[in-house]
Amino acid sequence: MRELALSDEILLQIEKPARYIGNEVNMVVKDPKQVAVRFAMCFPDVYEIGMSHLGIQIIYDMLNKREDVYCERVYSPWVDLDQIMREQNIPLFSIETQQPIRQFDFLGITLQYEMCYTNILQVLDLAGIPLKAVERDETDPIVIGGGPCTYNPEPIADFFDMFYIGEGETAYHQLIDLYKENKKNHGSRKEFLEKAAELECIYVPQFYDVSYQDDGTIKEMKRNNPHAKDSVRKQIVLDFDQVTYPEKPLVPFIKVTQDRCVLEIQRGCIRECRFCQAGSVYKPLREKSLERLKTLAKTMLHSTGHEEISLSSLSTSDYSKLNELMDFLLDECKKQKINISLPSLRIDAFSLDVMSKVQDVKKSSITFAPEAGTQRMRNVINKGLTEEDILNGCKQAFEGGWNKVKFYFMLGQPTETNEDVDGIMDLCEKIAELYYETVPKEKRNGKCQITASTSFFVPKPFTPFQWAPMCTAETFLDKAKRVNDRRKTLLNQKSIKYNWHESDISVLEGLLARGDRRLCDLILYIYEQGGIYDAWSEFHNQELWESAIKELGIDVDFYVTRARNEDEILPWDFIDTGVTKQFLLREWHNALNEKVTPNCRMQCSGCGAAGFGGGICHEN
């Protein structure tokens, strides 16, 4: 019988105690004394967010299939428990065995978004692990980071022993075998880090020194250990059918953000959207076979009892066997009264036909992401979507019975003009007019409802826009105000709603996404002053960030609003994603010239991803 780390008295004091007690459906139970390696997998945010993350479910399933490894989970304690743990000196514990994280061999932290960086320090601190990697000794777990933010790990480099670049299914077994071998030979922590640093995808920050020019740009990144490499190459799965996938995913007792079965149909993307980091770093596109997906869908629905299944992909419409898969799922889910969720669809007749089969049209809204209001701007970002495509898609949606449409746009993208900003509401007005022209009065189900949401553009590493300047918070808000003022002049303004994001957080996201090692001190300072849960607007303290930036003398404009020189060494240049810098630079020039690049199925653009030897690059 396992003993809970928290007393009944504490559990009754805190919000949602089920976040911490484990024993969920399909939780893996092992005897920690019978395994060679204990691995704590952490999502540095609250349980409901972390339990919705597919990547952790995949790694959890994969590592627990090994008899010699016990992979357990840990999430950031919510603010109420955080306070109690500090007051009562309760060490951070795992969900499965409720034992302190400091007793584990590895602490793996998934890095999904920049604003969770202060929570990484919360996890380390509550676990009793020294915050800086160089201060850890033989008794501390190896702290390893993975996920999208590792494509620029420098702003958090001081806090990690190593980073794993690429897809987790590829090199973890090798890494764990190295650890076991080192342990058996009574090797030191440093000796293990040196062995790990020789793996293609492992980056050990303390084995590198960075020097800077007088203007603040990077002069050189130099190895200080012979086991380190000049370049760290991402690893990817090539056979997407043979790779492990959780057939018995964890099922929480409380409602989480994504409370459903998730079927990953493909990884990567054929689209060349120039703002999109995921589309670049997950190249090339690799699909799961129809038969494998059918088997997985049936098994997961049976093992979880979920009432909804979602297809996971960067661009679901591009899955080559989507028609056949939908026929199977519609048949299977109809019998069991299970809902189907279809994110990331494009605006076309096929997608609308599919959606009409899975949605209650009268109740639901339909979502599109044109990203820009004018054709000029869509050419700059290479969205691959014309105004005719958008209007045709909306017309077919209205004819199909939908009257609620959501649109996602981005403000502040490179070369954007006032005309491009105005184009967002001009497009919404055209769509509202189209509804009233298309649907006869007697067939209308109330007014047309158009919701336009704008986020603020953040130039990300490994995209053609990594050289682009970013707007200031004030400029972003001026642009959002312009959009809102334009809406008020429209004939159909009552049919159009407008939402926009917070600009301050977007600028901080840009700072952390494009920063270098000198920002480690900023994150540490913020945490030591009480900053956690910065991804949550109710806990984010903008004044604290501003005073810390001033106190530490950080030039935000240097990192955020400055255009990068094309020959400049970027903080993430030592990482090889397979997509060449020459290709990204060529796409940056194409963007400035408003030149469209075809998608990967239409024509190969020579991005470099073919070097992996698989996926769409080698289909024909």
Side-chain angles (χ1 to χ4, degrees), residues 51-58 61 112 167 169 237 240-241 243-251 256-271 273 276 278-279 282 284-361 364-369 393 397 400 402 406 408 599-601 615-616:
M51 271 295 281
S52 304
H53 183 244
L54 176 62
I56 283 190
Q57 294 255 17
I58 290 173
D61 177 73
Q112 294 297 311
E167 296 171 357
E169 302 98 326
V237 172
F240 218 45
D241 267 1
V243 72
T244 185
Y245 197 80
E247 296 182 0
K248 292 182 176 180
L250 289 150
V251 183
V256 297
T257 317
Q258 307 286 333
D259 216 351
R260 55 180 77 107
C261 274
V262 179
L263 191 62
E264 188 183 23
I265 59 174
Q266 60 188 12
R267 202 174 284 176
C269 188
I270 61 169
R271 307 288 158 183
C273 299
C276 181
Y282 292 120
L285 178 84
R286 292 143 288 148
E287 294 188 343
K288 270 197 173 77
S289 72
L290 182 61
E291 290 313 307
R292 175 77 174 131
L293 290 172
K294 285 179 180 179
T295 305
L296 279 174
K298 284 167 91 166
T299 312
M300 286 195 300
L301 289 169
H302 177 72
S303 69
T304 61
H306 273 306
E307 294 174 348
E308 186 170 337
I309 188 165
S310 172
L311 302 188
S312 169
S313 157
L314 290 173
S315 180
T316 303
S317 303
D318 292 324
Y319 178 61
S320 61
K321 297 279 193 304
L322 186 60
N323 218 338
E324 296 92 323
L325 178 62
M326 286 311 304
D327 287 344
F328 166 78
L329 287 177
L330 287 163
D331 186 46
E332 198 67 27
C333 294
K334 207 174 188 179
K335 289 184 243 172
Q336 301 177 54
K337 296 188 175 167
I338 287 163
N339 294 325
I340 303 171
S341 168
L342 295 166
S344 310
L345 288 173
R346 290 178 73 76
I347 307 178
D348 56 36
F350 169 65
S351 300
L352 290 163
D353 180 51
V354 167
M355 279 187 270
S356 67
K357 289 174 185 171
V358 302
Q359 286 187 1
D360 179 343
V361 171
S364 63
S365 63
I366 196 161
T367 304
F368 298 133
W402 278 280
K406 290 180 183 172
Y408 288 112
N599 72 57
C600 301
R601 278 215 170 97
I616 192 167

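To the nearest 0.5 Å, the span separating CG on Leu311 from CG on Leu325 amounts to 5.5 Å.
Residues Glu264 and Lys288 form a side-chain contact, since some pair of their non-hydrogen atoms from C-beta on lies under 4.5 Å apart. Using a 4.5 Å heavy-atom cutoff, the side chains of Val262 and Gln57 are not in contact. Between Ser310 and Cys261, the closest side-chain pair of non-hydrogen atoms is not below 4.5 Å.
For the residue pair Met51 and Val251, the shortest heavy atom distance occurs at CE-C, 4.4 Å. When all heavy atoms of Leu322 and Ser317 are compared, the pair lying nearest together is CD2-CA, 4.0 Å. Here the closest heavy-atom approach between residue Val243 and residue Phe240 is recorded as CG1-O, 3.5 Å. Between Thr316 and Ile265, the closest heavy-atom pair is CG2-CD1, 3.9 Å. Nearest heavy-atom pair across Ser52 and Thr257 is OG-N, 3.2 Å. Contact detail for His53 and Ile56: the closest heavy-atom pair is ND1-N, 3.3 Å.
Side-chain contact check for Glu287 and Ser320: at least one donor-acceptor pair (N or O, by modelled atom type) lies under 3.5 Å.
Remark: side-chain polar atoms of Arg286 are paired, donor with acceptor, to backbone N or O of Pro284 under 3.5 angstrom. Between the Ser315 side chain and the Cys269 main chain, no donor and acceptor come within less than 3.5 Å of each other.
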For this session: Go through Arg267 and Glu167 one step at a time and tell me if the side chain to side chain contact (heavy atoms under 4.5 Å, CB included) criterion holds.
Result: CA-CA 10 Å; Arg267 202 174 284 176; Glu167 296 171 357; 3.0 Å; yes
For this session: Give the intermediate values and the outcome of salt bridge (Lys or Arg N to Asp or Glu O under 4.0 Å) for residues Arg271 and Asp318.
Result: CA-CA 9 Å; Arg271 307 288 158 183; Asp318 292 324; 2.6 Å; yes
For this session: For side chain to side chain contact (heavy atoms under 4.5 Å, CB included), just list the numbers for Asp61 and Lys248, CA-CA rounded to whole Å, side-chain angles, deciding distance to a tenth of an Å, and then say yes or no.
Result: CA-CA 8 Å; Asp61 177 73; Lys248 292 182 176 180; over 6 Å; no
For this session: For the pair Leu293 and Tyr319, evaluate side chain to side chain contact (heavy atoms under 4.5 Å, CB included) and give the outcome as yes or no after the intermediate values.
Result: CA-CA 12 Å; Leu293 290 172; Tyr319 178 61; 3.3 Å; yes
For this session: Give the intermediate values and the outcome of side chain to side chain contact (heavy atoms under 4.5 Å, CB included) for residues Met300 and Tyr245.
Result: CA-CA 10 Å; Met300 286 195 300; Tyr245 197 80; 3.9 Å; yes
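Checked against side chain to side chain donor-acceptor pair (under 3.5 Å), Thr295 has no partners two or more places apart in sequence or in another chain. Residues meeting the salt bridge (charged side-chain N to carboxylate O under 4.0 Å, His left out) test with Lys294, sequence neighbours left out: Glu291. In this view, Asp259 satisfies the salt bridge (charged side-chain N to carboxylate O under 4.0 Å, His left out) rule with no residue, not counting sequence neighbours. Under the side chain to side chain contact (heavy atoms under 4.5 Å, CB included) criterion, Cys600 pairs with Ile270, Glu272, Ile616, sequence neighbours left out.
For residues 296-308, the set of pairs meeting the side-chain hydrogen bond (donor to acceptor under 3.5 Å, both in side chains) definition, not counting sequence neighbours, comprises Arg260-Glu308.
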Name each donor-acceptor pair under 3.5 Å that joins a side chain in residues 326-337 to protein atoms two or more places apart or in another chain, with its distance.
none

